[in-house]
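As the structure is a prediction and not an experimental result, all values here were calculated from the model. In each ligand, atom 1 is the first atom listed, and ligand 1 is the first ligand listed. Because only heavy atoms are used, hydrogens play no part in the values below, and waters and symmetry mates are left out as well, while side chains stay in.
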Amino acid sequence: MKEKNQKEPSIELFVPGRLCLFGEHSDWAGVNKTINADIVLGRAIVTGIEQGIYGRAQKSTLFSVTSSLEACQEASFSCEMDMGKLRETARQGGFFSYVAGVASYMCEWYHIGGMHLEITKMDLPMKSGLSSSAAICVMVAKAFNMLYGLHLNTLGIMNIAYWGEQRTPSRCGRLDQACAFGVSPVSMVFDGNELDVGRITVKRPLYYVFADLMSAKDTVKILADLNSAYPFARDEKADRLHEALGPDNQEITGEAIACILAGDAQKLGELMVRAQTVFDEKVAPMCPEELNAPVLHSVLNDQYIKKLTYGAKGVGSQGDGTVQLLAKDSETQKKLIDYLEKKRGMTAYALTLRPNKQVRKAVIPVAGFGTRLYPETRGVKKEFCPVVDKDGLVKPAILILLEELEAIEIEEICLILSRQERACYEDFFFKPISEAHYSKLSRQMREYETTIRNIAKKLKFVYQEEQKGFGHAVYQAKEFADGEPVLLLLGDTIYASSGSVPCTKQLLDVYEQYGQDMAAVQSIPLADVPHYGIFSGVWENKEETVLKLTQIVEKPDCEKAKDFLAVSTKKNAENYFAAFGAYVITKAVFDRLDEAVRKELVNAKGEVELTDALAYVCTKQGMMAFVPDGKSYDLGNAEAYRRTVSEFGL
Ligand code: UTP
């Protein structure tokens with residue numbers, strides 16, 4: 001049997017360690033709700049940290065793991081993809097029990113082949129309460145998911161990592177696998193066996209430091225003593241523990257989520273202090289030997305540290321294991337690390353939680369000839385076709401689009417033009433109308449002149465010298481984007497939101513939450529599938545508005561779509577999602593377009609396709625799709641234009 005297949009493509013992986021910011025111990029406490037219905041839900045905020053495990057995986061007939069790292073005991077492991085054998089390895093414990101636990105689960109539930117995983121780098125401190133075991137379990141689940149197209153969303157990966165680890169002698173909590181969400185905070189609710197996870201959007205940077213207290217704690221004893229008060233509290237001390245992990249924790253965690261969303265670091269620090277006080281008063285008495293934690297408290301009460309921080313508290317099971325501190329800014333974050341390492345002899349790490357890069361720029365390619373609207377496009381660009389807007393004014397379609405960008409405060413807009421169109425665009429946006437014409441306008445129309453001038457201030461023109469397709473047009477904006485994520489819109493599509501938030505703004509809000517390349521999509525009938533790029537994936541949220549994409553296929557036939565690309569929803573078993581006409585794309589897409597242009601990776605018509613670049617980025621680093629609450633109106637062909645003119649703005 002061969003172990004590695006040189007021809008199989010490999011994937012690169014990174015999984016961070018995790019840090020519980022609030023709500024430690026409430027995960028297992030919440031699970032007790034299955035027996036005692038009076039127990040209040042557990043709730044925690046957990047984030048991935050900057051350190052983690054790096055790996056490379058490819059399909060194989062065996063399940064094998066190798067590592068040349070000292071921290072991994074420089075060992076290797078290889079086993080047939082056999083449920084019984086893998087499960088036995090998991091049961092025995094030791095370094096490879098975790099990976100074997102997850103692989104045994106995969107074997108049992110998905111009947112798939114094996115894989116070779118090479119651990120290439122690890123900068124996660126071991127045995128520090130930062131969950132290196134959960135990280136390796138998540139890595140194995142993630143690798144199987146990607147290699148075998150198992151259609152698991154992030155929560156699914158988390159669950160398998162959890163159940164895999166349950167097959168080992170080590171008992172992890174339900175919050176450990178939050179590392180599957182990457183270096184961003186998530187809120188977790190533990191209701192019996194149910195787990196709810198939601199991302200928390202970081203409004204302003206939060207400069208954390210966490211440090212190994214270089215002392216010792218007995219986690220097994222802490223857990224045993226605290227668990228003795230569950231599921232039913234039998235004395236006053238136990239009552240107080242229930243209070244701390246129940247209503248007190250609910251309140252503090254709820255307020256902390258609001259602080260992260262609002263960017264209020266000072267109040268967040270105060271909540272850390274409050275959480276620690278509750279812990280000391282109501283939790284520590286259950287296990288004073290371990291939880292009085294003199295070293296932790298000497299750090300929390302250190303006057304110099306207090307000056308540099310908004311707040312601090314213990315980590316994980318607490319005790320003298322690890323401390324977390326919220327520094328006032330990036331400067332004090334560095335000073336704190338320096339002080340903890342040099343003066344207190346501890347190992348300290350920075351953890352900065354940043355908002356996902358905000359989208360300030362938009363790109364709209366309008367250089368296409370518009371063959372399908374011939375002969376109209378001999379004279380007038382399709383983007384200038386008239387549409388009656390909601391306010392009753394007759395506008396060129398492109399203006400409706402630009403007005404939406406003005407409303408959502410996009411700062412710079414790049415139009416991709418062909419040279420011949422330059423005069424037309426310059427005249428429209430920069431040439432004032434004559435006094436004589438102006439005087440004939442109504443008040444509403446005169447005010448609209450100001451809107452056009454404001455839009456014009458944000459415009460930049462870039463030229464596509466040859467019309468080599470949509471992807472080629474987008475590529476022309478690489479310099480304009482300059483490494484920032486941009487909102488990409490089709491020049492011949494306009495949007496109508498069903499509510500008060502414009503569709504483009506809805507897309508940007510979701511991007512801010514997930515931080516990954518994103519395509520807005522809409523459901524289309526199966527019969528239309530062969531005309532569009534089709535996006536398929538698994539729902540990432542309960543509302544069924546965000547898809548973690550597994551495949552993007554350009555113009556598939558109906559048979560293929562039916563077999564592989566349908567997405568089911570609560571309402572409908574079979575849905576097919578096509579582009580809505582709006583995307584957020586990052587540097588990764590521009591880099592791939594660059595390669596496609598240089599290597600002439602083109603379709604049958606000789607055009608560089610955006611869909612190809614998106615499909616590439618989707619497999620390499622993941623991509624999301626979002627279903628906006630609204631409709632998109634196309635102007636690109638006669639039938640669609642007829643519908644747009646008759647329905648839009650009503
Ligand atoms: P389409 O795919 O509709 O192409 O472009 P098109 O050329 O405009 O129209 P047909 O297919 O010939 O009828 C989608 C968007 O991409 C722009 C178009 O202007 C439109 O806004 N585009 C397309 C370019 O900027 N350059 C191109 O080479 C192709």
Side-chain angles (χ1 to χ4, degrees), residues 362-387 395-402 404-405 413-422 424-425 428-429 459-481 486-495 503-504 519-522 524 528 530-534 552 554-555 578-583 585 589-590 593-594 596-597 600-614 632-644:
V363 172
I364 313 177
V366 290
F369 171 59
T371 323
R372 287 165 298 160
L373 285 200
Y374 176 87
E376 204 279 348
T377 41
R378 279 188 104 240
V380 181
K381 294 280 306 167
K382 64 179 162 178
E383 291 77 21
F384 278 88
C385 283
V387 177
K395 298 174 188 171
I398 186 81
L399 205 49
I400 296 177
L401 200 57
L402 292 172
E404 180 161 324
L405 297 186
I413 304 165
C414 174
L415 292 181
I416 314 289
L417 311 178
S418 70
R419 289 274 172 202
Q420 301 89 288
E421 288 147 9
R422 181 184 186 149
C424 157
Y425 277 87
F428 187 88
F429 286 101
L459 292 184
K460 183 170 191 288
F461 299 150
V462 165
Y463 299 96
Q464 185 191 21
E465 302 297 349
E466 283 174 287
Q467 275 60 71
K468 288 191 188 165
F470 184 50
H472 182 260
V474 175
Y475 167 68
Q476 310 306 316
K478 188 170 189 249
E479 247 172 66
F480 167 82
V486 298
L487 175 63
L488 169 66
L489 303 176
L490 296 183
D492 56 1
T493 306
I494 50 180
Y495 320 100
C503 293
T504 47
V521 294
Q522 60 190 338
I524 60 162
D528 291 350
H531 307 294
Y532 296 93
I534 300 298
I552 307 174
E554 185 64 22
K555 303 189 176 83
F580 186 82
Y583 310 79
I585 55 169
V589 173
F590 283 107
L593 286 172
D594 190 346
V597 170
E600 295 193 29
L601 308 175
V602 292
N603 65 11
K605 287 198 264 170
E607 293 177 338
V608 176
E609 303 237 26
L610 179 75
T611 312
D612 284 348
L614 297 181
S632 78
Y633 290 93
D634 185 0
L635 300 125
N637 64 70
E639 200 39 56
Y641 182 60
R642 198 204 302 272
R643 179 178 153 252
T644 301

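Around the CD atom of E465, the shell of radius 6.0 Å holds more than 12 heavy atoms that belong to other residues, nucleotides or ligands.
Nearest non-hydrogen protein atom to atom 25 (O) of ligand 1 is A367 N, 2.8 Å. Here the protein heavy atom with the shortest distance to atom 26 (N) of ligand 1 is Q464 OE1, 2.7 Å. In this structure, atom 3 (O) of ligand 1 lies nearest to the protein heavy atom R372 NH2, 2.9 Å. The shortest contact between atom 18 (C) of ligand 1 and any protein heavy atom is with G368 N, 3.6 Å. Nearest to atom 12 (O) of ligand 1 among the protein's heavy atoms is T371 OG1, 2.6 Å. In terms of protein heavy atoms, atom 17 (C) of ligand 1 is closest to P365 O, 3.6 Å.
Ligand 1 has no N or O atom lying under 3.5 Å from any N or O atom of F470, backbone or side chain. Here's the thing with K382: one of its N/O atoms is less than 3.5 angstrom from an N/O atom of ligand 1. Looking at L373 next to ligand 1, no N or O pair under 3.5 Å apart turns up.
Residues L488 and V589 have side chains not in contact (no heavy-atom distance under 4.5 Å, counting atoms from C-beta outward). Contact check for V474 versus F590: side-chain heavy atoms found under the 4.5 Å cut-off. Between L373 and D492 there is no side-chain heavy-atom pair separated by less than 4.5 Å. The closest side-chain heavy-atom distance from E421 to F461 is not below 4.5 Å. The side-chain heavy atoms of Y425 and L459, taken from C-beta on, include no pair separated by under 4.5 Å. In this structure, the side chains of V363 and I585 stay at 4.5 Å or more apart for every pair of heavy atoms. In this structure the side chain of L489 never reaches within 4.5 angstrom of the side chain of T493, judged on heavy atoms.
Of the listed options G581, G469, S418, A473, G469 places a heavy atom closest to atom 29 (C) of ligand 1. If you check each of V366, T377, N637, D492 against atom 5 (O) of ligand 1, the one with the closest non-hydrogen atom is D492.
At a heavy-atom cutoff of 4.0 Å, ligand 1 is contacted by no atom of E607, backbone or side chain.
Listed here is the closest heavy atom pair of Y495 and S632: CD2-CB, 3.8 Å.
Rounded to the nearest 0.5 angstrom, E383 CD and L415 CG are separated by 9.0 Å.
Against a heavy-atom cut-off of under 4.0 Å, E383 is close to the following atoms of ligand 1: 19 (O), 21 (O). Numbered from 1 in the order shown, with element, the atoms of ligand 1 that lie under 4.0 Å from a heavy atom of G491 read 21 (O). Within the listing of ligand 1, atoms 7 (O) sit less than 4.0 angstrom from a heavy atom of F369.
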